[in-house]
Amino acid sequence: MKLDDIKISKAIIEEYMDELIDYLDVDVAIGGGGPSGLTAGYYLSKAGFKVSLFERKLSIGGGMWGGGMMFNKIVVQEAGREILQGEFGVNCQEHEKGYYVADSIEATSTLCSKACKAGLKIFNLISIEDVMIRDEKINGLVLNWTAVEMAGLHVDPLTIKSKTVIDATGHDCEIVKVVQRKIGPRLMTETGKIMGEKPMWADKGETSLLENTREVYPNLYVAGMASNAVHGAHRMGPIFGGMLLSGKKVADLIMEKLG
């Protein structure tokens with residue numbers, strides 16, 4: 001078979017544009033492709049919802065790739081192991097009682113693969129620069145290429161419609177920051193504002209993460225580290241069980257909301 005360079009380009013452009021047009025109207029839009037975002041996308045897609053995930057970086061997986069300080073191992077507790085090994089099939093070895101260790105490369109690549117195969121549509125290299133609010137509810141996102149953002153170019157964005165949005169952008173809670181900047185201190189937190197992340201304390205951070213995984217503005221949910229950052233709780237470091245559990249919890253909350 002003789003390859004035609006133009007046909008290769010045509011295939012890429014047409015297939016990408018067809019998918020992008022198809023995903024201009026979704027049930028759930030997720031910002032951030034770390035473990036909590038991927039887990040939420042996996043469970044929601046598996047349940048039959050139309051879900052898109054937008055990641056500003058080239059790679060998907062967030063901080064999970066690097067394990068702890070570039071040692072490619074991660075730790076999960078028993079509840080996290082039930083998802084990582086029980087649901088996703090990632091090998092977890094018990095190091096000490098209650099502490100399970102997994103290879104970060106296997107874990108991250110498996111989450112990505114399983115989420116895609118469940119039906120999650122991932123768009124990488126796209127940044128979320130604004131939100132759409134109608135009747136005091138989030139109903140969509142405003143998107144642009146990450147390269148446009150990085151270059152500081154004045155290029156207008158495009159929009160998508162979504163019944164619900166998940167901020168899984170990690171420590172920076174970028175989507176919630178946009179909402180606070182645009183409409184003021186009207187979040188569902190103690191102060192109405194983003195309360196900020198406290199210093200690392202794994203036990204406190206993991207415990208509070210699930211409690212803080214919830215709706216923070218109508219149709220806008222937080223998951224993963226964004227949850228603790230918004231509600232003023234501790235970070236937890238290279239233990240990822242809470243991230244997986246947070247992703248599953250936010251998926252359950254949205255499934256209940258959307259019916």
Side-chain angles (χ1 to χ4, degrees), residues 15-16 19-20 22-23 26-68 72-94 100-126 162-170 206 209-210 213 221-227 236 238-256 258:
E15 293 296 327
Y16 186 92
E19 287 187 336
L20 186 58
D22 185 36
Y23 279 84
V26 297
D27 295 315
V28 187
I30 302 171
S36 61
L38 287 170
T39 303
Y42 166 82
Y43 280 107
L44 286 162
S45 299
K46 186 180 177 183
F49 293 94
K50 189 174 185 179
V51 189
S52 57
L53 184 151
F54 300 94
E55 168 59 50
R56 73 190 317 170
K57 295 181 180 178
L58 175 62
S59 63
I60 307 299
M64 186 179 260
W65 285 113
N72 61 342
K73 299 292 180 183
I74 60 170
V75 174
V76 294
Q77 66 279 64
E78 179 60 42
R81 186 188 72 85
E82 291 176 6
I83 294 177
L84 192 60
Q85 186 166 349
E87 182 70 30
F88 290 102
V90 174
N91 183 43
C92 297
Q93 298 292 330
E94 190 171 32
Y100 296 88
V101 178
D103 183 273
S104 67
I105 308 302
E106 179 192 0
T108 311
S109 59
T110 300
L111 285 178
C112 291
S113 176
K114 291 288 183 91
C116 289
K117 289 182 182 298
L120 174 65
K121 180 57 193 171
I122 297 175
F123 295 93
N124 61 337
L125 295 171
I126 291 182
S162 179
K163 296 174 184 175
T164 54
V165 170
I166 300 173
D167 186 337
T169 60
E206 287 284 281
L209 190 60
L210 284 185
T213 299
Y221 293 77
V222 285
M225 271 314 307
S227 305
M236 71 286 292
I239 180 165
F240 286 84
M243 305 288 280
L244 303 172
L245 293 163
S246 176
K248 185 177 187 305
K249 179 184 176 182
V250 76
D252 289 339
L253 291 173
I254 290 175
M255 282 187 246
E256 182 178 355
L258 298 181

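Here E15 contributes atom CD and L20 contributes atom CG; the two are 13.0 Å apart, rounded to the nearest 0.5 Å. Note that the CG atom of L209 and the CE atom of M236 stand 4.5 Å from one another [nearest 0.5 Å]. Distance OG/S36 to NZ/K249: 13.0 Å, rounded to 0.5 Å. Going from atom OG of S246 over to atom OH of Y221 covers 13.0 Å, rounded to the nearest 0.5 Å.
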Using the rule given for side-chain contact (heavy atoms from CB on, under 4.5 Å), can you reason through L244 versus L111, listing the C-alpha separation, both sets of side-chain angles and the distance that settles it, and then say yes or no?
CA-CA 10 Å; L244 303 172; L111 285 178; 4.1 Å; yes

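Between the side chain of S162 and the backbone N or O of A29, at least one donor-acceptor pair lies under 3.5 Å.
When all heavy atoms of C112 and L38 are compared, the closest pair comes out as SG-CD1, 3.9 Å. Contact detail for G32 and T169: the closest heavy-atom pair is N-CG2, 4.2 Å. For the pair I239 and V76, the tightest heavy-atom approach, listed with the atom from each and the gap, is CG1-CA, 4.3 Å. Counting all heavy atoms, side chain and backbone alike, G33 lies closest to I60 at O-CG2, 3.3 Å. The two residues E206 and G242 come nearest to each other via the heavy atoms OE1-N, 2.8 Å. Closest of all the heavy-atom pairs between L84 and A102 is CD2-CB, 3.9 Å.
A salt bridge (Lys or Arg N to Asp or Glu O under 4.0 Å) check over residues 27-39, counting only residues at least two apart or in different chains, returns the pairs D27-K163. Sorted by first and then second residue, the side chain to side chain donor-acceptor pair (under 3.5 Å) pairs involving residues 103-112 (not counting sequence neighbours) form an empty list. Sorted by first and then second residue, the pairs that involve residues 54-67 and meet side chain to side chain donor-acceptor pair (under 3.5 Å), not counting sequence neighbours, are R56-E149, R56-E174.
Tested against Y100 for a side chain to side chain donor-acceptor pair (under 3.5 Å), the candidates E78, Q85, Q93, Q77 yield a single pass: E78. Partner I166 forms a side chain to side chain contact (heavy atoms under 4.5 Å, CB included) with one of V51, L53, V222, I254 and no other, that one being I254.
Partners of A251 under the side-chain contact (heavy atoms from CB on, under 4.5 Å) rule, at least two apart in sequence or in another chain, are Y43, L44, M255. Under the side-chain hydrogen bond (donor to acceptor under 3.5 Å, both in side chains) criterion, T39 pairs with no residue at all, not counting sequence neighbours.
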Which donor-acceptor pairs under 3.5 Å do side chains of residues 117-124 form with protein atoms, sequence neighbours excluded?
residue, atom, partner, partner atom, Å
K121, NZ, E19, OE1, 2.5
N124, ND2, L58, O, 2.8

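E87 and Y42 are linked by a side-chain donor-acceptor pair at a separation below 3.5 angstrom, with hydrogens and angles left out of the test.
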